[in-house]
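Atom set for the values below is all heavy atoms of this structure, side chains included, hydrogens, waters and symmetry mates excluded.
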Amino acid sequence: MATYDKNDRVRVTATFKTAGTNVATTATCTQKKPSGTDVTPAVQTGSGTGIYFVDVDLDQIGTHTIKIASTDVVIAAETIELEVVKSVFDHS
């Protein structure tokens, strides 16, 4: 699991393919924060067909779970976890 400092912003990318070819689809994202709160960051179209990304703000210490899902041409989802720790530069 990747480790990040609190208040980092991370770009998460997903590519949807069928038969080895990227396909256009509709993608959504859900971020579960360590507090248990779910948020829905805006999914952006990436550099080509079937490529999507979301910029996630890691504003809480603990495990953030990110799920990017497609329910259109390709029915698929990818879930990752990002561990957030207190930054050595955070003196609060």
Please list, chain by chain and in numerical order, all residues satisfying side chain to side chain contact (heavy atoms under 4.5 Å, CB included) with T3, sequence neighbours excluded.
E83, V85
Looking only at non-hydrogen atoms, find the nearest pair between K6 and I61 and report the distance.
CD-CG1, 4.0 Å
Can you list everything that forms a side chain to side chain contact (heavy atoms under 4.5 Å, CB included) with T26? Sequence neighbours excluded, please.
D72
Could you pull out the closest heavy-atom pair between F16 and A76, with the gap in Å?
CE2-O, 4.0 Å
same_hphob_cluster(V54, Y4) at 4.5 Å side-chain heavy-atom cutoff:
yes
Less than 4.5 Å apart, any side-chain heavy atom of T65 and any of T79?
yes
I'd like to know if the side chain of Q31 reaches the main chain of V56, judged simply by a donor and an acceptor atom lying under 3.5 Å from each other, with no hydrogens or angles considered.
no
So, taking the atom named CD in E81 and the one named CD1 in I66, what distance separates them when rounded to the nearest 0.5 Å?
9.5 Å
Shortest non-hydrogen contact from I68 toward A14:
CG2-CB, 3.8 Å
Is T45 close to I51 at the side-chain level, that is, under 4.5 Å between some pair of heavy atoms?
no
Kindly say whether V74 contributes a backbone atom to a donor-acceptor pair with the side chain of S70 at under 3.5 angstrom?
yes
Is a salt bridge present between D5 and K86, judged by a nitrogen-to-oxygen distance below 4.0 Å?
no
Test item: V43 and C29 side chains (from C-beta on) under 4.5 Å apart, heavy atoms
yes
Is the NZ atom of K67 crowded by more than 12 outside heavy atoms at less than 6.0 Å?
no
4.5 Å side-chain heavy-atom contact, L58 and L82:
yes
Quick one: side chain to side chain contact (heavy atoms under 4.5 Å, CB included) partners of D55, sequence neighbours excluded?
R9, R11, F53
Non-hydrogen atoms of A77 and A69 that approach each other most closely
CB-CB, 3.9 Å
Only one of D57, I80, V39, D59 clears side-chain contact (heavy atoms from CB on, under 4.5 Å) with H64; which?
D59
For K17, does its backbone N or O pair with a side-chain atom of N22 as donor and acceptor, under 3.5 Å?
no
